[in-house]
Protein chains: 4
Amino acid sequence: MKKLSRKEREYRTRREEILKAAESVFAQKGFHNSTVAEIAKESEFAIGTIYQFFKNKEELYYIMMIEKFDLLYSTLLTGVGKNIKCSEKLLCLVEIVFAFIEGNVDFFKVFTWELNVLNSNMNNRLKDQLVAKHFAYIKLISDTIKEGFQEGVLKKGNADDLSTALVGMMNIFSFNWIYNQRQDSPKSKAPIIVNLFLNGAIRGN
Amino acid sequence: MKKLSRKEREYRTRREEILKAAESVFAQKGFHNSTVAEIAKESEFAIGTIYQFFKNKEELYYIMMIEKFDLLYSTLLTGVGKNIKCSEKLLCLVEIVFAFIEGNVDFFKVFTWELNVLNSNMNNRLKDQLVAKHFAYIKLISDTIKEGFQEGVLKKGNADDLSTALVGMMNIFSFNWIYNQRQDSPKSKAPIIVNLFLNGAIRGN
Amino acid sequence: MKKLSRKEREYRTRREEILKAAESVFAQKGFHNSTVAEIAKESEFAIGTIYQFFKNKEELYYIMMIEKFDLLYSTLLTGVGKNIKCSEKLLCLVEIVFAFIEGNVDFFKVFTWELNVLNSNMNNRLKDQLVAKHFAYIKLISDTIKEGFQEGVLKKGNADDLSTALVGMMNIFSFNWIYNQRQDSPKSKAPIIVNLFLNGAIRGN
Amino acid sequence: MKKLSRKEREYRTRREEILKAAESVFAQKGFHNSTVAEIAKESEFAIGTIYQFFKNKEELYYIMMIEKFDLLYSTLLTGVGKNIKCSEKLLCLVEIVFAFIEGNVDFFKVFTWELNVLNSNMNNRLKDQLVAKHFAYIKLISDTIKEGFQEGVLKKGNADDLSTALVGMMNIFSFNWIYNQRQDSPKSKAPIIVNLFLNGAIRGN
DNA sequence: AATGAATGAGTCTTCATTCAT
DNA sequence: GATGAATGAAGACTCATTCAT
């Protein structure tokens with residue numbers, strides 16, 4: 001661990017401050033609606049100073065993301081390593097991720113899709129309509145799960161949590177397929193997902 | 001079902017064509033990097049014509065989304081209704097969603113986060129770095145699952161699918177908490193998720 | 001006076017209706033903020049129909065103005081001719097012009113300067129400020145006139161009317177000079193104006 | 001009088017330059033036919049720079065007007081104050097206004113009505129026709145005044161000047177009535193105007 | 001090294017005019 | 001002759017980036 005000069009230490013501190021400001025601004029407005037001027041103001045540096053630390057807005061965005069991911073990753077690595085049994089490791093892993101998210105809401109908000117970021121004052125009605133459609137879709141699933149409770153085939157539990165979990169799985173497989181050429185088609189994954197959802201991953205079920 | 005005049009039919013057709021073009025353009029570039037001029041060109045109409053059908057770019061975006069959601073929803077409703085058993089319904093549901101996504105890649109791409117939409121020619125290296133971080137994170141999870149195979153506690157299967165599914169569940173609970181005030185904190189959901197992942201939803205496990 | 005065919009008569013009627021609508025719309029919003037679509041709607045004709053009667057928006061504007069001027073002129077000609085003495089003629093003339101204006105407010109509004117026509121919701125404060133400056137200017141003049149009352153040199157009367165009249169004379173000489181090359185400079189007209197204002201046009205004063 | 005920093009002084013200078021350019025461009029083309037790009041070019045600044053000094057085109061317009069008015073007003077105030085007798089004050093006042101107008105032709109042109117501002121290459125014939133109508137109207141008045149010369153009731157003088165003055169008075173009373181609810185109807189002002197025109201404001205006439 | 005004023009390319013949106021029906 | 005949907009040129013305004021101080 002090299003000892004840093006005062007210059008170097010100050011440089012790092014400023015850089016961190018800018019990254020923090022960027023995270024906050026990007027989280028509130030998304031990439032496209034955030035201006036470099038805002039980030040400058042939030043960080044209490046001049047616009048030009050931002051450009052001394054980062055080549056451009058896009059680089060600032062990427063580096064902020066990468067560093068956050070790094071932090072999450074190293075936290076996970078240490079945390080998970082403290083457990084021995086697989087099931088304990090998994091629980092620990094999920095807990096660390098969630099704790100990280102609760103402690104870095106701004107960062108996670110940056111992942112938001114563009115929709116959430118439209119200025120839409122005028123189109124609030126349309127936005128509400130879209131949200132309503134989404135809820136109807138979720139409700140269809142949770143209603144099906146409630147039927148499973150009635151039918152006696154599913155353990156009684158929170159139907160919303162279960163439907164949320166199922167949707168989460170569907171979404172991620174869809175994304176992966178869309179943005180990764182090599183992935184199998186989602187359709188082929190359907191039985192796997194439903195099977196996992198119903199029987200779980202543990203041997204013996 | 002009222003019979004539509006030729007005028008009305010033509011109007012609808014044109015509107016559909018614009019919506020299709022918008023879907024395609026928005027999917028490729030995201031909302032902010034798409035220009036109305038591009039949508040006009042793609043749809044083979046003049047710029048001004050777009051504005052005869054939609055008040056502005058934002059409205060075009062929302063309406064495109066809403067109509068797609070409507071279509072998915074009604075397809076689901078009919079499809080799921082044909083089954084009786086809960087587990088069959090769920091499989092059917094997942095299959096319909098996946099079939100819809102495979103048939104509407106453009107639409108689904110629109111949901112993408114802004115990151116995927118940056119012009120980044122310059123910053124491709126950074127983007128790759130970020131993707132690498134993400135894969136390392138996923139790998140940590142799938143490695144843990146592979147340990148579960150070794151340990152004999154988990155049914156042998158595709159570790160990538162399982163880790164993907166787990167991440168999908170974590171993500172969606174995080175999103176819901178971030179964008180919904182009333183939701184319980186993710187941390188409290190950790191045991192539920194891990195339990196579902198391990199034991200499944202079926203009664204008796 | 002040729003007798004007109006029905007066709008011809010209908011043509012004239014439609015034309016009048018369009019001109020009337022144009023007058024009303026132009027008066028409310030000025031030339032630049034009026035759209036042909038609005039004039040079409042006001043006149044209850046289609047946009048295309050407007051263009052059957054007038055080559056373009058500008059021509060519609062000019063012809064509307066010209067026809068109104070014609071009407072005023074012929075009204076004046078008949079009215080003034082009924083008097084014999086010059087002073088009666090002048091009074092009659094002023095009265096006819098004023099009656100015409102009161103009966104054709106819309107038309108006269110069209111003469112407005114662009115200032116009155118700005119959309120300025122945002123800039124209302126600035127507009128008010130400008131109006132205030134103008135009033136200060138007028139007040140300076142009427143105060144000077146009031147001093148004349150005190151001094152005993154001016155017949156007691158309405159200082160506002162007198163200052164308004166003076167400003168009206170100054171304005172018109174300025175305009176004429178600005179838009180007519182050949183006119184004498186306003187400066188040379190100053191004594192004439194002040195003399196007329198003080199002594200009037202009648203012989204003997 | 002605070003001493004200004006170099007920065008502040010430079011800022012003011014640039015601002016003045018933009019205002020001067022705006023005055024010139026607006027004077028030539030009117031508000032609506034002037035583009036911000038033209039003003040930028042005329043002032044030798046970039047478009048964006050204009051927006052650093054003024055929120056938008058409209059604000060630029062208003063502020064330019066207000067500052068000119070301020071200048072005229074303060075010039076008047078000092079100038080008129082140097083005289084004691086009312087009639088001298090009035091003459092001085094008129095002379096200052098006229099001198100100001102001669103020195104600020106651009107500014108005064110800005111007051112122009114929209115008519116003068118139409119692009120009318122195509123419609124020059126119509127514009128000429130309209131101007132002709134206007135002259136006919138003026139001529140009617142000046143002819144009446146000439147009759148007054150013949151009749152011996154009016155002091156011999158320049159009939160054009162007299163008719164111009166009369167029209168100026170009529171116009172301003174009409175404007176004030178149209179744009180000020182509370183004002184008396186023009187018709188009621190007719191005798192006042194004619195009386196002023198004939199007898200002047202001086203006591204004893 | 002830090003600053004922030006200046007830059008101008010880029011984009012949404014409007015609206016006069018045309019022309020196929 | 002009447003219609004009004006389609007057109008696309010034009011213009012206000014924004015904001016990432018530069019560079020002189």
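Chain identifiers are assigned alphabetically (A, B, ...) following the order of the sequence lines, protein sequences preceding nucleic acid strands; residue numbering begins at 1 within each chain.
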When the distance from OH of C:Tyr61 to C1' of E:dA16 is rounded to whole Å, what number comes out?
17 Å
Looking at E:dA5, F:dA6, E:dC12, which one has an atom nearest to any side-chain atom of D:Gln52?
E:dA5
Between B:Glu10 (CD) and F:dG4 (C1'), how many Å, whole number?
13 Å
Expressed in angstrom and rounded to an integer, what is the separation of B:Leu60 atom CG from E:dT11 atom P?
16 Å
Would you say the side-chain atoms of C:Lys57 pair up with the backbone N or O of C:Ser34, donor to acceptor, closer than 3.5 Å?
yes
Determine whether A:Leu126 and B:Tyr61 make a side-chain contact, defined as any pair of heavy atoms from C-beta on separated by less than 4.5 Å.
no
Closest non-hydrogen contact found for A:Ser43 with A:Ile50 is OG-CD1, 3.9 Å
Using the closest heavy atom to pick a nucleotide of DNA chain E for each, name whichever of C:Val36 or B:Ser34 lands nearer the 5' end.
B:Ser34
Between E:dA2, F:dT17, F:dG4, which nucleotide gets closest to the side-chain atoms of A:Asn56?
F:dT17
For C:Arg14 and F:dA2, is the shortest distance between a side-chain N/O and OP1 or OP2 below 4.0 Å?
yes
A:Ile50 CD1 - E:dA2 P separation (whole Å)
11 Å
Could you pick out which residue, D:Glu44 or B:Thr49, lies toward the 5' side of DNA chain E when each is mapped onto its nearest nucleotide?
D:Glu44
Would you mind telling me which residue lines up with the more 5' stretch of DNA chain F, B:Gly48 or C:Gly48, judged by nearest nucleotide?
C:Gly48
Can you check whether C:Phe107's main-chain N or O pairs, donor with acceptor, with C:Glu23's side chain at less than 3.5 Å?
yes
D:Phe53 CZ to E:dA6 C1': how many Å, rounded?
9 Å
State whether a side-chain donor-acceptor pair under 3.5 Å links A:Thr35 with A:Glu38.
yes
Measure CD1/D:Ile47 against C1'/F:dC13 and give the value in whole Å, please.
9 Å
Given F:dT3, F:dC13, F:dT7, the nucleotide with the shortest approach to the side chain of D:Lys57
F:dC13
Any salt bridge linking D:Glu10 with D:Arg14? Criterion: basic side-chain nitrogen under 4.0 Å from a carboxylate oxygen.
yes
Would you kindly give the CD-to-P distance between D:Glu8 and F:dT21, to the nearest whole Å?
19 Å
Touch check for D:Phe45, heavy atoms < 4.0 angstrom, all strands: base, sugar-phosphate only, or nothing?
sugar-phosphate
Nearest to side-chain heavy atoms of C:Tyr51, which nucleotide of E:dG8, E:dA2, E:dT18:
E:dT18
Is it true that C:Tyr11 and C:Phe53 have ring centroids separated by less than 6.0 Å?
yes
Please give, in whole Å, the distance from E:dT17 P to C:Phe54 CZ?
14 Å
Testing F:dA16, F:dC13, F:dG4 for proximity to the side chain of C:Ala46, the answer is F:dG4
Is any side-chain N of the basic residue among C:Glu16 and C:Arg12 closer than 4.0 Å to the acidic one's carboxylate O?
no
For DNA chain F, report each stem as range with range, ordered by first number, or say none. Use Watson-Crick or G-U wobble pairs under 3.5 Å, at least 3 in a row.
E:2-21 with F:2-21
